[in-house]
Amino acid sequence: MEQELKDSIMGALELVVDPELGIDVVNLGLVYDVEMDDEGLATVTMTLTSMGCPLAGTIVDQVKAALAEIPEVKDTEVNIVWNPPWTKDRMSRYAKIALGIR
């Protein structure tokens, strides 16, 4: 995938906000990888802040909706993984400041 397209995808994912924390999934460090095949299927590998997240379905729907706005993306698959486990160390400086985490 070209870097410009990957940047567009990551930019779209920055619009997906974790409803509990109020920070987007990219800055929270929840997005582990993004790939796209020749048919336009984007595969987002990501995690959630906790296994029992009651809003997992909402977040997945928001990811799909955000990527639907990108013309090259014809369909989106979201793989929720638990390995490696998410930690606050994956968060961007912006997210840590916003949440008051050092």
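What you see below is based on every heavy atom in this structure, not just the backbone, and it leaves out hydrogens, waters and symmetry mates. Quantities reported herein were computed from a predicted structural model and do not represent experimental measurements. By convention here, the first residue in the shown sequence is residue 1.
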For the [atom1] atom of [X] and the [atom2] atom of [Y], what is their distance to the nearest 0.5 Å?
X	Y	atom1	atom2	value
D18	T49	CG	OG1	5.0 Å
I80	T45	CD1	OG1	9.0 Å
K64	I59	NZ	CD1	13.5 Å
M1	E35	CE	CD	7.0 Å
R102	I97	CZ	CD1	11.0 Å
L30	D24	CG	CG	9.0 Å

Which atoms form the tightest heavy-atom contact between [X] and [Y], and what is the distance?
X	Y	value
G29	R90	O-NE, 2.9 Å
A66	A12	CB-O, 3.6 Å
S8	I70	O-CD1, 3.6 Å
V26	M10	CG2-O, 3.7 Å

Quick one: are [X] and [Y] in side-chain contact, heavy atoms under 4.5 Å?
X	Y	result
V25	Q62	no
I9	L67	yes
M91	L99	yes
V44	N79	no
V78	M46	yes
M36	E72	yes
L13	V34	yes
V73	L41	no

The side-chain hydrogen bond (donor to acceptor under 3.5 Å, both in side chains) partners of S92 (sequence neighbours excluded) come to N27
**Prompt:** Do any N or O atoms from the side chain of T47 and from the backbone of W86 form a donor-acceptor pair under 3.5 angstrom?
**Reply:** no
**Asked** Does Y94 use its side chain to pair, donor to acceptor, with the backbone of I23 at less than 3.5 Å?
**Response**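 It does not hold such a pair.
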Determine whether V63 and W82 fall in the same hydrophobic cluster, where Ile, Leu, Val, Met, Phe, Trp and Tyr are linked whenever their side-chain heavy atoms lie under 4.5 Å apart. yes
Next on the checklist: Please tell me whether L55 and V31 are part of a single hydrophobic cluster in this structure, the criterion being side-chain heavy atoms less than 4.5 Å apart.
Outcome noted: no
